[in-house]
Amino acid sequence: MVSDFFYPNMGGVELHIYQLSSCLIKRGNKVIMVTHSYGDRKGIRYLTNGLKVYYIPQHQLYNQSSYPTVLGSWNFPLLRKILIREKIEIVHCHQAFSVMSLEGLFHAQTMGYKTVFTDHSLFGFADLSSIHTNKLLKFSLSDVNHVICVSNTCKENTVLRGALYPEDVSVIPNAIDTSRFIPNPTAADPNKITIVVLSRLVYRKGIDLLVAILPDICSRYPNVHWVIGGDGPKRVDLEEVREKHQLHDRVEMLGSVPHSEVRDVLVRGNIFLNCSLTEAFCIAIVEAASCGLLVVSTRVGGVPEVLPEKLSLLAEPTTEDLLAKLTLAIENYKDVDHYNFHKIVKESYSWYDVAQRTELVYDRICKEEVLPFIERIRRFYGCGFFAGKIFCLVVTLGYLIWKFYEWLSPADTIDPARDFDYAKYSKRQMDGQKDKPLELTID
């Protein structure tokens, strides 16, 4: 697994990688994670699920994404040594926002490894940033073995952006650990109607819509209480609205909420509100439904595919429609069967199912032949009249640099790493055994 986004940073992509890796390890696969360093967290760490993590010392450029290096960095030889030491067969990269992920795809294909890419987001086609991002994605996915998307809408978006064949793209949705998101109807205040919002407070999460409807809902329903968790640049707008309308006692701002405490916040509510303007797959609404909350969400991206109609109310991303659907939810939230909601989500989403379907993708690409160098050049040449020639030059330089490192440090001179015995570790955990402290004897 390769991505800029991983623990201790927490989000949808980080949670997806962690849970998928955990289930793959439990199913007998060897999984390692390569990410950039986070503060003092550098070097090699083991997580409690047996996942070995390489924190490569590399600076971040923006929003936890590392600096682009392509060929001018020692990350290439470092990644090569990691892959050889760990006897890796497949390199699975995540998220188009991640520079390390896209570079990992390029380097892995150069070295002849099988590659998989999972896309977690939707992008536009008109604005300048999307145009450049899509061109970079087309370059990165030109010779990838397979692509995984988290929803059918995400698949359509990625196929168009990356100029991919649809048969080379699979849809494997996200999931949640339903054992951690169990309803507790007694936790909600019976004298209030509590609406929960858990989201990054940024523009694309529709915080402007939330700012617009919040005063109207409070004026219509005096017993409505808001619990808003998350942080971001749009938090200032919410605090201004709370100050302007004197809603300090009715709008509770929690700030950033650790994922381990998300369930405790959700069970306090009756209704969960998601105002996103774009969303490939919204894990937050699945977690809320699993806790027995009635979900009100904008009808954008892959959201309509996530929950059945009985568990959610979908609105167009406009103030009027969102206000109407939230009003309907306030009037009908008492009819919700919390444990039935949880049962439906439990039967629909499982990380073990995600891991099993991901293994099928791995099995498929393992049967494919490694692309010859001339075929890679042909594919990159078709990326554009000017861009194609530049891409071919980059691919050729990458190939020559790899051959130089093969001569400088041959693979047979690199010591293999010891494998983590997860079966033994798991048995010791179940038996409640602990490692004995080392005893030093001085004669």
Side-chain angles (χ1 to χ4, degrees), residues 1-5 12-14 16-17 19-21 24 29 31 33-34 65 88-125 130 132-175 278-281 283 301-302 305 353-371 375-376 378-380 382-384 387 391 395:
M1 301 286 177
V2 181
S3 181
D4 279 309
F5 308 109
V13 177
E14 293 86 345
H16 177 103
I17 296 173
Q19 293 286 4
L20 175 60
S21 300
L24 288 174
N29 302 281
V31 182
M33 178 70 200
V34 179
S65 187
I88 299 301
E89 300 175 19
I90 298 171
V91 178
H92 190 164
C93 301
H94 293 259
Q95 187 62 308
F97 287 119
S98 171
V99 173
M100 181 174 284
S101 174
L102 299 182
E103 289 186 354
L105 281 177
F106 174 73
H107 295 325
Q109 281 289 359
T110 300
M111 294 183 285
Y113 289 93
K114 302 297 174 60
T115 55
V116 180
F117 176 75
T118 296
D119 199 1
H120 298 261
S121 302
L122 300 178
F123 286 84
F125 298 90
S130 295
H132 288 300
T133 302
N134 294 341
K135 179 61 72 174
L136 182 60
L137 185 71
K138 185 177 181 180
F139 164 73
S140 302
L141 301 185
S142 291
D143 56 352
V144 72
N145 291 102
H146 204 81
V147 176
I148 297 173
C149 294
V150 295
S151 66
N152 289 291
T153 303
C154 183
K155 175 180 177 178
E156 295 174 3
N157 184 262
T158 304
V159 166
L160 291 174
R161 288 160 48 217
L164 302 169
Y165 292 108
E167 56 268 23
D168 291 334
V169 184
S170 299
V171 176
I172 303 177
N174 283 318
T278 175
E279 201 78 69
F281 185 102
I283 293 182
E305 306 173 30
D353 178 60
V354 172
Q356 185 176 14
R357 293 165 70 175
T358 305
E359 282 183 343
L360 295 177
V361 173
Y362 293 163
D363 293 339
R364 171 183 168 179
I365 66 173
C366 284
K367 298 175 184 177
E368 298 178 1
E369 296 182 358
V370 178
L371 286 177
E375 173 62 18
R376 294 186 69 215
R378 187 194 66 80
R379 293 191 180 189
F380 284 104
C383 289
F391 292 164
V395 172

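In what follows, every heavy atom counts, from backbone to side chain, and hydrogens, waters and symmetry copies are set aside. Along the sequence shown, the residues carry numbers beginning at 1. Predicted model only: the values in this text are computed from it and were never measured.
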- Item | Intermediate values then yes/no, side chain to side chain contact (heavy atoms under 4.5 Å, CB included), Cys154 and Phe281 | CA-CA 8 Å; Cys154 183; Phe281 185 102; over 6 Å; no
- Task: Could you tell me whether a side-chain N or O of Ser151 sits under 3.5 Å from a main-chain N or O of Ala280, the two making a donor and an acceptor?
- Result: yes
- Query: Is the backbone of Cys383 close enough, under 3.5 Å, to the side chain of Lys135 for a donor and an acceptor to pair up by distance?
  - Reply: yes
Set of residues satisfying side chain to side chain contact (heavy atoms under 4.5 Å, CB included) with respect to [X], sequence neighbours excluded:
X: Ala96; value: Phe117, Asp119, Phe123, Leu137, Arg161
X: Glu89; value: none
X: Leu371; value: Asp143, Glu375, Arg376, Arg379
X: Glu368; value: Asn145, Arg364, Ile365

- Message: Under a 4.0 Å threshold between the charged nitrogen and the carboxylate oxygen, would Lys367 count as salt-bridged to Asp363?
- Response: no
Going by the rule side-chain hydrogen bond (donor to acceptor under 3.5 Å, both in side chains), which residues pair with [X] if we only count those two or more places apart in sequence or in a different chain?
X: Tyr362; result: His92
X: Ser121; result: Gln95
X: Ser3; result: none
X: Ser142; result: none

Atom pairs and distances, donor-acceptor, side-chain atoms in residues 162-174, under 3.5 Å, two or more places apart:
from   : atom 1 : to     : atom 2 : distance (Å)
Ser170 : OG     : His146 : NE2    : 2.6
Asn174 : OD1    : His16  : ND1    : 2.4

At what distance, to the nearest 0.5 angstrom, does [atom1] of [X] lie from [atom2] of [Y]?
X: Lys155; Y: Ile148; atom1: NZ; atom2: CD1; result: 12.0 Å
X: Met1; Y: His94; atom1: CE; atom2: NE2; result: 4.5 Å
X: Glu279; Y: Thr153; atom1: CD; atom2: OG1; result: 11.5 Å

- Whether Phe391 and Phe139 hold their rings parallel, tilted or perpendicular, with breakpoints at 30° and 60°: tilted
